[in-house]
Trainee: 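Take a look at the following structure, please.
Position 1 is the first residue of the sequence, and the numbers go up from there.
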Amino acid sequence: MTTIAPYGSWLSPLSAADASAASARFDGARFVGGEVWWGESLPTEGGRSSVRRRTASGAIEDLLPAPWNARSRAHEYGGGSWTATAEGRLFFVEKTDQRVWSLLPGGDPVPLTEADDAIRHGGLRWQAGTLLAVREVHGGSGVPRRSIIAIATDGSQTVTELVSGSDFLAQPALSPDGRTLAWVAWNHPDMPWDRTEVRVAALEDGRVRTSRPVSDGAAAALQPEWTADGGLLFIDEPTGRWNLYRADAASSTVTPLAPADADTGAGLWVLGLRWYAPLAGGDVVAVRTNGADELVRIDAAGSVTRLDLPVRTRAVIEDVHGDRVIVTGSAPGVTGVWVIEPDGSHELVRGSVSELGESWTPAVRELTVDGAHGPVHAFDHAPTSPTHAAPEGELPPYVVLVHGGPTAHVGGVADSKIVYFTSRGIGVLEVNYGGSTGYGRAYRERLRGQWGIVDVDDVAAAATGLVEEGRADAARIAIEGGSAGGWTVLAALVGTEVFGAGISRYGVGDARTLATDTHDFEARYLDGLIGPLPEAEALYLERSPLGRTEGFRVPVLLLQGDEDAVVPPTQAEAIRDALRSRGIPHAYVLYEGEGHGFRKAETIVHSLESELAFLGQVFGFETPGVPPVDLD
């Protein structure tokens with residue numbers, strides 16, 4: 001029997017605790033002997049990152065016991081915090097000291113690098129019998145000294161610097177014979193989606209003496225990989241799409257490999273990301289993104305076969321062994337780790353599977369609307385419940401989700417947070433505003449110099465398009481986002497009249513403060529998004545929500561971690577003070593021990609319930625079982 005109840009007040013079997021349990025993050029996965037190992041964050045252990053394995057019996061075991069925490073802080077966002085040998089030796093970066101450690105299952109960790117508070121490691125990779133890493137050394141100047149290193153695994157704590165000389169280095173790849181190194185390099189003020197070089201060099205006495213570029217440096221080249229015969233593949237975008245290319249060392253020619261109107265590649269926000277891998281027989285398995293992700297297999301002749309894997313977003317090729325492949329990513333109802341067999345079949349090895357069933361999962365609808373700057377791409381998740389329906393004629397409230405970055409992407413998958421809302425009768429619209437990846441370089445560069453304008457216009461256009469279709473209540477549309485998405489939330493609240501409420505998670509309120517306070521990886525990011533300082537200071541003032549607080553008119557919920565080094569709490573507190581001075585209803589929640597992105601189960605539960613309660617209080621519907629938020 002269907003219960004008739006107002007949108008937003010529907011009863012749902014998915015609690016915030018359930019959603020938290022389904023919010024694990026995966027960091028890498030490897031074939032190790034006959035097992036699969038993977039990195040997994042554990043919300044119930046304060047967000048600790050463990051390395052786990054599935055045994056031959058199917059049991060899930062922790063390889064890295066508490067309190068050990070495999071988490072890199074290189075580039076602040078980390079990534080590549082662990083790797084392993086085929087024989088079962090684990091190498092990992094410990095969060096508390098950023099040293100690299102070695103562990104044989106059942107034994108005690110042994111340090112492989114010296115103790116030094118100024119040094120961080122990330123991007124670990126085991127290749128050709130060598131442990132590679134990206135190292136950054138802080139102190140002495142505003143830009144840490146970064147290098148690619150080889151780490152001795154005998155416990156001597158010997159480190160060999162292979163290459164340095166660039167502000168940033170990433171994705172090291174060692175040739176099968178161990179004699180040639182390839183890597184990605186870039187310098188301030190570029191970001192790794194603006195301009196990079198793939199470089200290659202022979203190792204002489206274990207070090208790089210001279211190197212040469214493989215890419216032309218005009219765009220953002222990514223992820224060099226060696227094939228079994230010593231050839232070099234990499235990603236580049238001379239056509240405006242990230243596609244695969246093959247470099248011929250003998251002739252210095254570069255040729256495309258199965259070009260497509262789709263992207264193999266994305267924003268290199270964390271170290272260790274890989275979007276393709278050569279297989280043993282000479283084929284290549286790759287991610288292709290055009291809105292959503294798909295997996296393809298490319299043979300030597302350039303023929304392409306789509307692989308039947310349900311992953312639609314955040315797809316990463318983690319490892320290959322022969323023709324077997326490990327992929328992490330998100331599919332409808334599950335985020336997890338899959339193994340693809342040589343015959344094309346696949347198995348979910350580990351995943352946060354929803355137990356609700358398909359009847360609770362909204363069918364994603366791709367939406368493209370005309371905006372002031374061109375087409376705007378979005379994904380619509382309508383209210384969905386097998387047990388409840390709204391009174392005839394009522395239109396649902398909606399939350400417009402704005403991803404961070406802003407150079408990032410959503411692929412239209414209803415994760416546990418989206419289902420938490422849609423199962424209660426609240427629609428969710430995810431917007432890939434101009435500046436997002438997944439639609440080519442031109443779409444990505446729409447935001448260049450226009451942050452605070454294009455993103456705001458695009459999210460407003462997407463929300464308005466939904467209303468014009470008759471799918472949403474124009475008076476009950478909220479906007480929510482974190483980090484750079486929080487900037488767009490705040491800027492949209494002061495710059496448009498489309499939204500009736502806003503939720504900002506560790507959002508940017510003052511671009512000038514961000515430019516001076518943030519970490520080195522993003523220290524010059526705003527040069528491209530707004531303009532270089534001090535020349536563009538007037539634009540920073542004009543664009544920043546804190547410079548236009550007279551535009552705030554609707555309630556705002558602010559959620560913030562007290563250990564956030566990317567967007568410090570002072571940003572949220574300045575917005576809070578501005579809202580208070582104007583008498584705008586608001587709430588500010590500061591979470592102890594949280595950084596840039598919430599990891600603790602109790603934080604995820606509280607923040608999600610707070611968001612639901614806030615929406616109910618502002619838009620006038622009951623939220624059974626969820627305590628109210630105290631609005632000032």
Trainee: Any side-chain to backbone donor/acceptor pair from N69 onto S49? Under 3.5 Å, distance only.
Mentor: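 Pair found, side chain donor or acceptor close to backbone of S49.
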Trainee: Which residue in the set Y443, Y525, W242 passes ring-ring contact (aromatic ring centres under 6.0 Å, His included) when paired with W193?
Mentor: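 Running ring-ring contact (aromatic ring centres under 6.0 Å, His included) over Y443, Y525, W242 with W193 returns exactly one hit, Y525.
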Trainee: Between H586 and F552, is the ring centre distance below 6.0 Å?
Mentor: no
Trainee: Is any side-chain heavy atom of L558 less than 4.5 Å from a side-chain heavy atom of I575?
Mentor: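 Result yes, sub-4.5 Å side-chain heavy-atom pair found.
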Trainee: Kindly determine whether E430 and I418 satisfy side-chain contact (heavy atoms from CB on, under 4.5 Å), including the steps that lead there.
Mentor: CA-CA 10 Å; E430 296 181 289; I418 288 174; 3.7 Å; yes
Trainee: Please report the shortest heavy-atom distance between V489 and E480, naming the atom on each side.
Mentor: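 For V489 and E480, the tightest heavy-atom pair comes out as CG2-C, 3.4 Å.
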Trainee: Would you say that L268 contacts L273 through its side chain, given a criterion of any heavy-atom pair below 4.5 Å between the two side chains?
Mentor: yes
Trainee: Test your reading of the model: is there a side-chain donor-acceptor pair from T422 to the backbone of T384, 3.5 Å cut-off?
Mentor: no
Trainee: Would you name the heavy atoms of A66 and E45 that are closest together and state the gap between them?
Mentor: CB-OE1, 4.0 Å
Trainee: Ring centroid separation for H381 and F421, is it under 6.0 angstrom?
Mentor: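 No, the ring centres sit 6.0 Å or more apart.
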Trainee: Using a 6.0 Å cut-off, check whether atom CD of E358 has over 12 heavy atoms from anything other than its own residue.
Mentor: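 No - once you tally the heavy atoms of other residues, nucleotides and ligands closer than 6.0 Å, there are 12 at most.
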Trainee: Per the side chain to side chain contact (heavy atoms under 4.5 Å, CB included) rule, which among E563, Q560, K600 passes with E594?
Mentor: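 Passing option: K600.
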Trainee: Tell me the closest heavy-atom pair linking A29 and T328, and the distance in Å.
Mentor: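 It is CB-CG2, 4.5 Å.
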Trainee: Side chains of E609 and H606: donor-acceptor distance under 3.5 Å anywhere?
Mentor: no
Trainee: Suppose we call two aromatic rings close when their centres sit under 6.0 Å apart. Are W451 and Y433 close by that rule?
Mentor: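 Distance test on ring centres: not under 6.0 Å, no.
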Trainee: Sub-3.5 Å donor-acceptor pair from the side chain of E76 to the main-chain atoms of F521, do we have one?
Mentor: no
Trainee: Taking the side chain as C-beta and beyond, is there a heavy-atom pair between T289 and T437 under 4.5 Å?
Mentor: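 No, too far: nothing below the 4.5 Å cut-off.
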Trainee: Any side-chain heavy-atom pair from P397 and L615 closer than 4.5 angstrom?
Mentor: no
Trainee: So how far is it from S483 OG to R505 CZ, rounded to the nearest 0.5 Å?
Mentor: 9.5 Å
Trainee: Do the side chain of S544 and the main chain of L541 share a donor and acceptor less than 3.5 angstrom apart?
Mentor: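 A pair under 3.5 Å: no.
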Trainee: Rounded at 0.5 Å granularity, tell me how far CG in L271 sits from CG in D27.
Mentor: 10.0 Å
Trainee: Does E469 have more than 12 heavy atoms from other residues, nucleotides or ligands lying within 6.0 Å of its CD?
Mentor: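 Counting other residues, nucleotides and ligands, CD of E469 exceeds 12 neighbours.
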Trainee: Under 3.5 Å, is there a donor-acceptor pair between the side chain of R446 and the main chain of V454?
Mentor: no
Trainee: List the steps, then state whether side-chain contact (heavy atoms from CB on, under 4.5 Å) holds for I479 with V399.
Mentor: CA-CA 5 Å; I479 182 170; V399 177; over 6 Å; no
Trainee: Apply the test side-chain contact (heavy atoms from CB on, under 4.5 Å) to residues I426 and Y420: give CA-CA distance (whole Å), side-chain angles for both, the deciding distance (0.1 Å), then the verdict.
Mentor: CA-CA 9 Å; I426 303 168; Y420 183 80; over 6 Å; no
Trainee: Could you tell me if E573 and Y588 have a donor-acceptor pair between their side chains, going purely by distance under 3.5 Å?
Mentor: yes
Trainee: Does the pair H409 and S436 meet the rule for a side-chain hydrogen bond (donor to acceptor under 3.5 Å, both in side chains), with working shown?
Mentor: CA-CA 5 Å; H409 176 261; S436 301; over 6 Å; no
Trainee: Is the backbone N or O of T387 less than 3.5 Å from a side-chain atom of S385, with the two atoms forming a donor-acceptor pair by type?
Mentor: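 Yes.
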Trainee: From the options R53, R25, R71, R350, select the one residue that forms a salt bridge (charged side-chain N to carboxylate O under 4.0 Å, His left out) with E40.
Mentor: R350
Trainee: Side chains of I326 and V36: does their closest heavy-atom pair fall under 4.5 Å?
Mentor: yes
Trainee: State the CE-CG distance between M191 and L526, to the nearest 0.5 angstrom.
Mentor: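 If I round to the nearest 0.5 Å, the distance is 9.5 Å.
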Trainee: One thing to verify: whether E347 and R54 come together as a salt bridge, which I'm taking to mean a side-chain N less than 4.0 angstrom from a carboxylate O.
Mentor: yes
Trainee: Can you measure from CG (D630) to CG (D632) and round to the nearest 0.5 angstrom?
Mentor: 7.5 Å
Trainee: How about L514 and W487: do any of their side-chain heavy atoms sit closer than 4.5 Å?
Mentor: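 The answer is no; the side chains never approach within 4.5 Å.
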Trainee: I need the minimum non-hydrogen distance between P545 and V494, along with the two atoms involved.
Mentor: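 For P545 versus V494, the nearest heavy atoms are CA-CG2, 4.3 Å.
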Trainee: Ignoring hydrogens and geometry, is there a side-chain-to-backbone donor-acceptor pair from S50 to R52 under 3.5 Å?
Mentor: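 Side chain of S50 to backbone of R52, a donor-acceptor pair under 3.5 Å: no, none is there.
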Trainee: How close do G411 and T313 get, heavy atom to heavy atom, and via which atoms?
Mentor: N-OG1, 3.1 Å
Trainee: What do the steps show when you test L401 against F379 for side-chain contact (heavy atoms from CB on, under 4.5 Å), and what is the final call?
Mentor: CA-CA 10 Å; L401 288 185; F379 294 99; over 6 Å; no
Trainee: Within a strict 4.5 Å, meaning less than it, do heavy atoms of the L14 and W360 side chains meet?
Mentor: no
Trainee: So does D62 pair up with R48, basic N to acidic O under 4.0 Å?
Mentor: yes
Trainee: Measuring from Y398:OH to R471:CZ, what's the distance to the nearest 0.5 Å?
Mentor: 7.0 Å
Trainee: Taking D293 first and then R312, would you say they form a salt bridge - that is, a charged N and a carboxylate O separated by under 4.0 Å?
Mentor: no
Trainee: Taking NZ, NE, NH1 and NH2 as the nitrogens, is one of them in R476 or E394 under 4.0 Å from a carboxylate oxygen of the other?
Mentor: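 Salt bridge present between R476 and E394.
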Trainee: Can you check whether L429's main-chain N or O pairs, donor with acceptor, with D380's side chain at less than 3.5 Å?
Mentor: no
Trainee: Would the distance check show the side chain of T264 and the main-chain N or O of V287 forming a donor-acceptor pair, the cut-off being under 3.5 Å?
Mentor: yes
Trainee: For a quick test of reading the model, state the closest non-hydrogen atom pair linking A491 to V456 and the distance between them.
Mentor: CB-CG2, 3.5 Å
Trainee: Any chance CD of E550 has more than 12 other-residue heavy atoms, nucleotides or ligands included, within less than 6.0 Å?
Mentor: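 Correct, the count exceeds 12.
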Trainee: Rounded to the nearest 0.5 Å, what's the gap from CG on L367 to CG on N432? Could you check?
Mentor: 11.5 Å
Trainee: Measure the shortest side-chain to side-chain distance between Y7 and D473 over non-hydrogen atoms and say whether it is less than 4.5 angstrom.
Mentor: no
Trainee: Between the side chain of D458 and the main-chain N/O of G434, is any donor-acceptor distance below 3.5 Å?
Mentor: yes
